[in-house]
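See structure below.
Since the model is a prediction, treat every value here as computed from it, not as a measurement.
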Amino acid sequence: MSKAFKVGLIGATGYSGAEIVRLLLRHVAVDLAVLMTANLERKATQSQKLSEVLPQFLGLCDLPIEPLDFDRLVQLGVASVFLATPNETSHGLVPLLLERGLRVIDLS
């Protein structure tokens with residue numbers, strides 16, 4: 001079965017984000033298309049792969065952690081976005097994601 005349902009994740013490096021990555025990688029109908037950060041400090045640093053930040057994903061997920069870019073989510077054909085961010089961050093992001101026609105699953 002091909003992975004047809006594209007999803008994105010904002011906030012992959014925290015506990016909740018890492019658990020969602022672990023679950024999504026095992027789901028046969030999901031394509032984890034992009035990992036993004038809304039953290040301003042991380043945005044200023046060089047992009048790292050998830051497996052460099054969280055070694056338990058070495059060989060399982062080498063997606064880069066990209067700066068938050070709403071247009072890129074749409075461009076990649078992402079259907080749903082998981083938010084594993086602090087609740088005050090999610091509160092600001094949810095309306096902006098919904099405006100772009102994305103489904104949002106907020107873990108905060």
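Every residue meeting the salt bridge (Lys or Arg N to Asp or Glu O under 4.0 Å) condition with Arg22, not counting sequence neighbours, appears here in chain and number order: Glu19. Taking the side-chain contact (heavy atoms from CB on, under 4.5 Å) definition, one finds that Leu58 meets it with Ser51, sequence neighbours left out. For Leu54, the side-chain contact (heavy atoms from CB on, under 4.5 Å) partners are Ala18, Leu50, Gln56, Phe57, not counting sequence neighbours. With sequence neighbours left out, the salt bridge (Lys or Arg N to Asp or Glu O under 4.0 Å) criterion links Glu52 to no other residue. Remark: Ala79 engages Phe5 in a side-chain contact (heavy atoms from CB on, under 4.5 Å) (not counting sequence neighbours).
Atom CG of Leu60 is separated from atom CZ of Arg26 by 10.0 Å, given to the nearest 0.5 angstrom. The CD1 atom of Ile10 sits 10.0 Å away from the OG1 atom of Thr89 when rounded to the nearest 0.5 Å.
Listed by first and then second residue, the salt bridge (Lys or Arg N to Asp or Glu O under 4.0 Å) pairs involving residues 57-69 are Glu66-Arg72 (not counting sequence neighbours). Each side-chain hydrogen bond (donor to acceptor under 3.5 Å, both in side chains) pair with one or both residues in residues 76-88, not counting sequence neighbours, appears once here: Thr85-Ser90. The side-chain hydrogen bond (donor to acceptor under 3.5 Å, both in side chains) analysis of residues 93-104, with sequence neighbours excluded, yields no pairs.
Proximity of Phe82 to Val104: side-chain heavy atoms (C-beta onward) are nowhere separated by under 4.5 Å. Residues Thr37 and Thr13 fail the side-chain proximity criterion, which asks for heavy atoms closer than 4.5 Å. Contact check for Ile105 versus Val81: no side-chain heavy atoms found under the 4.5 Å cut-off. Side-chain contact check for Val21 versus Leu9: some heavy-atom pair is nearer than 4.5 Å. No side-chain heavy atom of Pro95 sits less than 4.5 Å from a side-chain heavy atom of Leu98. Contact check for Cys61 versus Leu25: side-chain heavy atoms found under the 4.5 Å cut-off. Counting heavy atoms from C-beta on, the side chains of Leu93 and Phe70 come closer than 4.5 Å.
Heavy-atom minimum distance, Gly8 versus Val78: N-CG1, 3.5 Å. In this structure, Pro86 and Ser108 approach most closely via the heavy-atom pair C-CB, 4.1 Å. Nearest heavy-atom pair, Ala38 versus Leu68, reported as atom, atom and distance to 0.1 Å: CB-CD2, 4.2 Å.
Note on Val53 and Leu24: same hydrophobic cluster, where clusters join Ile, Leu, Val, Met, Phe, Trp and Tyr whose side-chain heavy atoms are under 4.5 Å apart, directly or indirectly.
In this structure a side-chain-to-backbone donor-acceptor pair under 3.5 Å is missing from Lys6 to Val30.
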